[in-house]
Amino acid sequence: MMQTGSCSFGLWKVIVSWEGNVVYQVQFVRTAPEGPVPVQFTKFLAGRVDSFDPLVSAAVSGDNAYSRVYAAVSKIPYGETRTYREVALVADTHPRVVGNAMARNPTSLIVPCHRVTASDGTLGGFTPDLQIKRDLLKMEGKKKRG
DNA sequence: AACGACCATTATA
DNA sequence: TATAATGGTCGTT
């Protein structure tokens, strides 16, 4: 059965909904219902692990543009970044569509949308607060390329 | 089914 | 700095 819980990242709460190894929702929110989450989340947000294995995002299933984008983003290694353009090439779509998909990413962290940045060297966006993206990349010790 | 607006983009000048 | 081109989704009709 589906379970929902939350953990903390700085001032933010991370709400997690999952069933077995499939994660349906990961969102940064101000307030969230209390409850346990899979240990992968607390460890990741503490910088103790670099993967969510064996958890997977429900968003990568299917065969549409968004799921291809989510699958491509999921392959970006910890600590590295790719541009919207680079992701678009891999997913066979347009950079703008990658932006759309990231804005609607239902499973942040599992699909590491914080590792997707703009071609001009700026960060791009992050919902609900760009500072979260900065903090996550800082925590991962952002390197360059791959 | 068709259309227009929206967007976390990018290339060009 | 501004603008055109771009593609997928979503609401409206």
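Every chain is numbered from 1 and lettered A, B, ... according to where its sequence line falls, protein lines coming before strand lines. Remember, it's a predicted structure, so these values are computed and weren't measured experimentally.
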Please check if atom CG in Leu89(A) has more than 12 non-hydrogen atoms from other residues, nucleotides or ligands closer than 6.0 Å. yes

Across the strands shown, which category fits Ala118(A) at heavy-atom distances under 4.0 angstrom: base, sugar-phosphate, nothing? sugar-phosphate

With both distances under 3.5 Å as the test, what is the Watson-Crick or G-U wobble partner of dC7(B)? dG7(C)

Ranking dT10(B), dG8(C), dA8(B) by distance to the side chain of Ser119(A), first place goes to dT10(B)

Length of the CG-P vector between Asn105(A) and dC7(B), whole Å: 18 Å

Side chain of Val97(A): nearest nucleotide among dA8(B), dT9(B), dG8(C)? dG8(C)

Take the protein atom CG of Leu123(A) and the nucleotide atom P of dA8(B), then report the distance between them rounded to whole Å. 15 Å

Interatomic distance where CD belongs to Glu86(A) and C1' belongs to dT9(B) [whole Å]: 13 Å

d(NE2, His94(A); C1', dA4(C)) in whole Å: 11 Å

Atom-to-atom span, CG of Leu137(A) to P of dA8(B) - whole angstrom: 18 Å

For Arg85(A), answer base if it contacts any base atom (sugar-phosphate contacts may also be present), sugar-phosphate if it contacts only those atoms, and nothing otherwise; contact means non-hydrogen atoms under 4.0 Å. sugar-phosphate

Could you see if Trp18(A) belongs to whatever hydrophobic cluster contains Phe28(A)? Use Ile, Leu, Val, Met, Phe, Trp, Tyr and a side-chain cutoff under 4.5 Å. yes

Just how far is it from atom CZ of Arg115(A) to atom CG of Leu137(A), taken to the nearest 0.5 Å? 8.5 Å

Answer with yes or no whether the side chains of Thr117(A) and Thr83(A) bring together a donor and an acceptor at under 3.5 Å. no

Can you tell me the distance, in whole Å, between the CG atom of Leu89(A) and the P atom of dT9(B)? 16 Å

Where the side chain of Thr83(A) is concerned, which of dT10(B), dA8(B), dA5(C) is the nearest nucleotide? dT10(B)

To the nearest Å, how far apart are Tyr84(A) OH and dG7(C) P? 19 Å

Rounded to whole Å, how long is the line connecting atom CG of Asn100(A) with atom C1' of dT6(C)? 11 Å

Side-chain atoms of Arg104(A) come closest, of dG8(C), dT9(B), dC10(C), to dC10(C)

Parallel, tilted or perpendicular: rings of Phe52(A) and Phe41(A) (30°, 60°): tilted

